[in-house]
2 protein chains.
Amino acid sequence: MTKTQPRTRIQEKNRKTILDAGLDVFSKYGFRGSTLDQIAEAAGLSKPNLLYYFPSKEAIHVELLEMLLDTWLDPLREMEHDGDPIEEILSYVHRKIEMSREYPRESRLFANEILQGAPRILDALSDELKPLVDEKCALIRQWISEGRIAEVDPYHLIFSIWSMTQHYADFAVQVDTIMEGKDPFDGAQKYLDYLFISMLTPK
Amino acid sequence: MTKTQPRTRIQEKNRKTILDAGLDVFSKYGFRGSTLDQIAEAAGLSKPNLLYYFPSKEAIHVELLEMLLDTWLDPLREMEHDGDPIEEILSYVHRKIEMSREYPRESRLFANEILQGAPRILDALSDELKPLVDEKCALIRQWISEGRIAEVDPYHLIFSIWSMTQHYADFAVQVDTIMEGKDPFDGAQKYLDYLFISMLTPK
DNA sequence: TGCGTGTTTTACCAATCGGTCAAATGAACG
DNA sequence: CGTTCATTTGACCGATTGGTAAAACACGCA
């Protein structure tokens, strides 16, 4: 089960180059719509050279998805019982916004995979994502029962955080067309803060 | 500039069948990831037969996008100056939710196009979508200046409506995995009502 | 210098891609 | 019936697809 480690410095570098190029292409066109030639050109390598480092197109995609899932759920994991509930939720929103700003390609890669029916990630959604979401929803319900936040459906609360934050990465072209040059992220953070404070502060 | 009308009943029927099959395939795999063979099989027709009704793969895609845009903006157009601002906004949210429930494929087709950089729709975004959004944002600002809704950024307000409502169509696989069988739309509507009333009701 | 290992390229393959064409079929009508 | 036009099909095309094989190259090291 241990992953084969790159042995040389050049292998490490070229694998990273290929994965970065693959992220560029896959995040735009999805798995089926992407070609090895595109990835090869983006990486500045020849197509057979790609296949020297990865056994197949799918292997590149799978490795990208695995790397993605590893880090994608971290922000949610960090939402914990300790502090003030609303601050915990706002921090989670901030982390998600920051990820959309810093890693928009990863967000789009995920969106593309889900749009295509999540063929290579569905098991991970059931085995990793769902239990984590269930756990955090139980935490949110506890906050509600303690009267520390307003009574909202925790699942839809999480969906709304995901959708609004990832929207700025996944639909960046549309957002940029409408906002015309202005950076959307600062305004988004202020808006989302206000939104969740309004909704979650107990009456 | 007038569109060539189908002349016979059988043409009308087959064109509809092809467009429906194209919507199935394109909404899942995007333009580049979809093949004429897939569409032909989904339509129950032979590939050359498809090309008897449409000149090319792209022509099918373009016609789908044009049909989509025609109806996609209607819910926003209906948001008007007349009634109570919060009711107007909630009605818009309801219409958007209903479109995600009734036409999830159209939502995913749009999402795929935007993810791929909107190559066939970017002009329409600038020429049709942006002016409409600008107009409605001016309306929202007027409501704010009249003190009838809380002071929120109208652009991010619209983005948040789009993202949260379309999320239930675009990420249906993920939502279903987490909600396990339960219909998400009823809960979504209740949640979104509460969210926007909380946020928009003037203090 | 030569040797072995790791890396890259050239040439190539079968399968699939979007699309064409001409022939075959179907249906309406006198 | 025969004619005409709309429809469907099978055979095919060049380009592109993911992937392979083997030779060429690069480099460290004795």
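Labels below follow one simple rule: chain letters A, B, ... track the order of the sequence lines, proteins then strands, and each chain is numbered from 1. What you are looking at is a predicted structure, and each value in this text was computed from that prediction instead of being measured.
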Would you classify [X] as touching base, sugar-phosphate or nothing, given that sugar-phosphate means primed atoms plus P, OP1 and OP2, and contacts are heavy atoms under 4.0 Å?
{"X": "B:I10", "value": "sugar-phosphate"}
{"X": "B:T35", "value": "sugar-phosphate"}
{"X": "A:L51", "value": "base"}
{"X": "B:Y53", "value": "sugar-phosphate"}

Take the protein atom [atom1] of [X] and the nucleotide atom [atom2] of [N], then report the distance between them rounded to whole Å.
{"X": "B:L36", "N": "D:dC13", "atom1": "CG", "atom2": "P", "value": "20 Å"}
{"X": "A:D37", "N": "C:dT9", "atom1": "CG", "atom2": "P", "value": "14 Å"}
{"X": "B:F54", "N": "C:dG18", "atom1": "CZ", "atom2": "C1'", "value": "16 Å"}
{"X": "B:E12", "N": "D:dA6", "atom1": "CD", "atom2": "P", "value": "16 Å"}
{"X": "B:K47", "N": "D:dT7", "atom1": "NZ", "atom2": "P", "value": "21 Å"}
{"X": "B:E41", "N": "C:dG18", "atom1": "CD", "atom2": "P", "value": "14 Å"}
{"X": "A:E58", "N": "D:dG19", "atom1": "CD", "atom2": "P", "value": "8 Å"}
{"X": "B:I39", "N": "C:dC17", "atom1": "CD1", "atom2": "P", "value": "11 Å"}

OP1 or OP2 of [N] under 4.0 Å from side-chain N/O of [X]:
{"X": "B:Y52", "N": "C:dG19", "answer": "no"}
{"X": "B:Q11", "N": "D:dT7", "answer": "yes"}
{"X": "B:N49", "N": "D:dG10", "answer": "no"}
{"X": "A:S46", "N": "C:dT9", "answer": "yes"}
{"X": "A:N14", "N": "C:dT8", "answer": "yes"}

Margin query: With a sphere of 6.0 Å drawn around CD of A:E151, does it hold more than 12 non-hydrogen atoms of other residues, nucleotides or ligands?
Written below: no
Next item on the list: For atom CD of A:Q142, decide whether the heavy atoms of other residues, nucleotides or ligands shown that lie under 6.0 angstrom number more than 12.
Entry: yes
Item checked: Given DNA chain D, 5'-ward residue of the pair A:K57 and B:L45, judged by closest heavy atom ->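 Closest to the 5' end, via its nearest nucleotide, is B:L45.
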Checklist line | B:D20 and B:R105 ion-paired at < 4.0 Å | finding: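 The answer is yes: the pair qualifies as a salt bridge.
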Item checked: Where A:I144 and A:A150 come nearest, the two heavy atoms and their spacing ->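 Where A:I144 meets A:A150 most closely, the heavy atoms are CG1-O, 3.5 Å.
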Check: Centres of the A:Y168 and B:H156 rings: under 6.0 Å?
Finding: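 Under 6.0 Å, so yes.
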